[in-house]
Chemist: 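Right, I'll just put the structure down here and ask away after.
Each ligand, and each atom within it, is numbered from 1 in the order the structure gives. Just so it is clear, the values below take in all heavy atoms, side chains as well, and ignore hydrogens, waters and symmetry mates.
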Amino acid sequence: MDSSQSSSALSSSTARPAVAFLGLGAIGTPMAEHVAKTTDLVVWNRTKAKADAFAAATGARVAWTPCDAACEADIIITCLPSSVEVEQIVIQTDGILEGLRPNAVLVDCTSGHPAVSQRIAHMVRDKGGFFMDAPVSGGVSGAQAATLTVMCGGDAAVLERVRPVLQTFGAKIVLCGGVGCGDALKAVNNALLALHIWSTGEGLVMLKKMGVDPAVALDVINASSGRSNASMNLFPERVLTRAFPNTFRLALLDKDVRIAADIAARTETPAALITLAGELFARAHEHLGENVDHVAAVKLLEKLAGDVVIEPGAGETLMLDAHT
Ligand code: NDP
């Protein structure tokens, strides 16, 4: 991209940049709430009642269609379940491409697929705009606290144009490479998350069968070298309590691990564990359905282990066969 082109578009914008936010879901809503504080914001959501409620609370305007939202913005942010839905609202009749302003930037905060993002970037470029994949990490609580990590794929000059808006919800904003690299890094990060959840669950189940209280096991692991975000935060808060609050759907983590496995296949990278994580989380998703939290995947593991529940309390110490 010609950086003078982007800076001229920036200088022609008003003090409050004209921004559109499409996708007011679990994480999109708190992100958009921060964006609303410093921009002239228009929102669109498939279920319009959510956009109306958001507008009433924040003063943002509501667009009837993705095209209407794009018409009013120099920076368009999308945050949908997957690249499938993003591409749909880009190309559909009354979609983003129809309303795209010259030099506008489409920033996709969806955890997307690099190949689809690259295809969308091509279409956006053909219409005179710019595209950046910018998936986030940090969860709903990170979005509320404006401490998200934002993994960007695209052009450095485009990132500088949109950085002030990303900074409203992001504490760490990193250019990871060209278009698709943010998506790729996010997919690998979430594959690691899935592996940590599943392997921590496996460990706690076998320890419980041995007679070790899962609360004791986590206390020790979290002061030792096997600890992770799963052991330090997810298991104490969501599994031991049996609360499983639904902040990030298992269906979405399944999608992310599939993307990572697909990247491994396309790059001809041997990735036995990530491929296996993809199979395990697909099975958990199928078993547990659409509307459970990602950490609930351990419920499948508990069932496979003979209905051992990872909750505080130790059983009898199991005496192992000395001959094995
Ligand atoms: P949700 O399922 O809570 O929300 C999805 C949003 O997409 C809703 O606004 C929904 O609209 C909209 N949507 C769904 N299908 C369509 C469609 N066919 N056309 C148009 N809009 C549609 O997802 P999240 O907010 O949790 O996640 C959004 C993205 O962020 C995902 O890619 C996810 O992987 C990622 N992410 C989520 C995190 C989290 O903690 N939740 C953490 C990090 C990343 P409607 O209101 O009508 O249902």
Chemist: Give yes or no for whether the N/O distance cutoff of 3.5 Å, strictly under, is met between Asn45 and ligand 1.
Modeler: yes
Chemist: So for Gly139, does at least one of its heavy atoms come nearer than 4.0 angstrom to any atom of ligand 1?
Modeler: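 Judged by the 4.0 Å heavy-atom criterion, Gly139 does count as contacting ligand 1.
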Chemist: Give, for atom CG of Leu204 and atom CG of Leu218, the distance between the pair rounded to the nearest 0.5 Å.
Modeler: 5.0 Å
Chemist: May I ask you to decide whether Glu302 forms a salt bridge with Lys299, counting only side-chain N to carboxylate O separations under 4.0 Å?
Modeler: no
Chemist: What's the spacing between Asn103 CG and Lys127 NZ if we round to 0.5 Å?
Modeler: 13.5 Å
Chemist: Does ligand 1 have an atom that lies less than 4.0 angstrom from a heavy atom of Gln88?
Modeler: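 So Gln88 does not count as touching ligand 1.
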Chemist: At a 4.0 Å threshold, what atoms of ligand 1 neighbour a non-hydrogen atom of Cys79?
Modeler: 28 (C), 29 (C), 30 (O)
Chemist: Nearest 0.5 Å, what's the OG-CG distance between Ser111 and Asp133?
Modeler: 10.5 Å
Chemist: Just jot down the ligand 1 atoms closer than 4.0 angstrom to any heavy atom of Gly23, in number order.
Modeler: 9 (O)
Chemist: Could you find the nearest protein heavy atom to atom 35 (C) of ligand 1 and give me its residue, atom name and distance?
Modeler: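 Of every protein heavy atom, Ser111 OG, 3.5 Å lies nearest to atom 35 (C) of ligand 1.
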Chemist: Strictly below 4.0 Å, N to O, side chains only: are Lys186 and Asp256 in salt-bridge contact?
Modeler: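 Salt bridge absent between Lys186 and Asp256.
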Chemist: Run the numbers for me: atoms of ligand 1, each under 4.0 Å from some heavy atom of Gly25, listed by number.
Modeler: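 By the 4.0 Å cutoff, the relevant atoms are 3 (O), 4 (O), 8 (C), 9 (O), 25 (O).
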Chemist: Among the clusters formed by ILVMFWY side chains lying less than 4.5 Å apart, do Val116 and Phe130 turn up in the same one?
Modeler: no
Chemist: Looking at atom 41 (N) of ligand 1, what's its closest protein heavy atom, distance included?
Modeler: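 Result for atom 41 (N) of ligand 1: Thr247 O, 2.8 Å.
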Chemist: May I ask you to identify the nearest protein heavy atom to atom 43 (C) of ligand 1, giving residue, atom name and distance to one decimal place in Å?
Modeler: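 The closest one turns out to be Val136 O, 3.4 Å.
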Chemist: Rounded to the nearest 0.5 Å, how far does CG of Asp68 lie from CD of Glu98?
Modeler: 9.5 Å
Chemist: Determine whether the side chain, the backbone, both or neither of Arg249 has a heavy atom under 4.0 Å from any heavy atom of ligand 1.
Modeler: side chain
Chemist: Can you confirm, on distance only, whether ligand 1 has an N/O atom lying under 3.5 Å from any N/O atom belonging to Ile27?
Modeler: yes
Chemist: Using a 3.5 Å cut-off on N or O atoms only, is Ala26 in polar contact with ligand 1?
Modeler: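 The answer is yes, given that Ala26 and ligand 1 share an N or O pair closer than 3.5 Å.
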Chemist: Enter the distance from Met206:CE to Leu318:CG here, rounded to the nearest 0.5 Å.
Modeler: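 These two atoms lie 12.5 Å from each other.
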Chemist: Going by the order shown, which atoms of ligand 1 are within less than 4.0 Å of some heavy atom of Thr110?
Modeler: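 Going through ligand 1 atom by atom, the ones under 4.0 Å from Thr110 are 32 (O).
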Chemist: Scan side-chain atoms only and decide if Ser199 and Glu202 contain a donor-acceptor pair under the 3.5 Å cut-off.
Modeler: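 Side-chain D/A pair, Ser199 to Glu202: absent.
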Chemist: Purely on distance, is any nitrogen or oxygen of Ser137 under 3.5 Å from one on ligand 1?
Modeler: no
Chemist: Please determine whether a side-chain nitrogen of the Lys or Arg among Arg258 and Asp254 lies less than 4.0 Å from a carboxylate oxygen of the Asp or Glu.
Modeler: yes
Chemist: Quick test: of every protein heavy atom, which one is nearest to atom 46 (O) of ligand 1, and how far off is it to 0.1 Å?
Modeler: Lys50 NZ, 2.6 Å
Chemist: Could you tell me whether Leu24 and ligand 1 have an N or O pair separated by under 3.5 Å?
Modeler: yes
Chemist: Geometry only, no angles: is Pro81 polar-contacting ligand 1 at N/O separations under 3.5 Å?
Modeler: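 Yes.
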Chemist: Under 4.0 Å between a side-chain nitrogen and a carboxylate oxygen: does that hold for Lys255 and Glu85?
Modeler: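 No, no charged N to carboxylate O under 4.0 Å.
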Chemist: Quick one: look up the protein heavy atom nearest atom 33 (C) of ligand 1 and list residue, atom name and how far away it is.
Modeler: Leu252 CD1, 3.8 Å
Chemist: Could you say whether the N/O atoms of Arg46 and ligand 1 ever approach to under 3.5 Å?
Modeler: yes
Chemist: Roughly how far apart are Asp126 CG and Leu97 CG, rounded to 0.5 Å?
Modeler: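 Reported to 0.5 Å precision, the distance equals 9.0 Å.
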Chemist: Mark yes when over 12 heavy atoms from residues, nucleotides or ligands other than Lys303 sit less than 6.0 Å from its NZ; otherwise mark no.
Modeler: no
Chemist: If you compare all heavy atoms of Val124 against all heavy atoms of Leu106, which two are closest, and at what distance to 0.1 Å?
Modeler: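 Scanning both residues, the minimum pair turns out to be CG2-CD2, 4.0 Å.
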Chemist: Counting neighbours of CZ on Arg283 that are heavy atoms of other residues, nucleotides or ligands and sit closer than 6.0 Å, is the number greater than 12?
Modeler: no
Chemist: Is there any N or O on Cys109 that sits under 3.5 Å from an N or O of ligand 1?
Modeler: no
Chemist: Just which atoms of ligand 1 are under 4.0 Å from any heavy atom in Lys186?
Modeler: 43 (C), 44 (C)
Chemist: Applying a heavy-atom cut-off of 4.0 Å, say which part of Leu80 lies close to ligand 1: side chain, backbone, both or neither.
Modeler: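 Under 4.0 Å from ligand 1, Leu80 contributes backbone and side-chain atoms.
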Chemist: Note the single closest protein heavy atom to atom 45 (P) of ligand 1, along with its residue, its atom name and the distance in Å.
Modeler: Thr47 OG1, 3.5 Å
Chemist: Taking 4.0 Å as the limit for heavy-atom contacts, which would you say applies to Glu85 with ligand 1: side chain only, backbone only, both, or neither?
Modeler: side chain
Chemist: Number the atoms of ligand 1 from 1 as they appear, then name those within less than 4.0 Å of a heavy atom of Phe248, with their elements.
Modeler: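 Within the 4.0 Å cut-off of Phe248, ligand 1 contributes 34 (O), 37 (C), 38 (C), 39 (C), 40 (O), 41 (N).
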Chemist: Identify the protein heavy atom lying closest to atom 34 (O) of ligand 1, giving its residue, its atom name and the separation to 0.1 Å.
Modeler: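 Scanning the protein heavy atoms, the shortest distance from atom 34 (O) of ligand 1 goes to Lys255 NZ, 2.9 Å.
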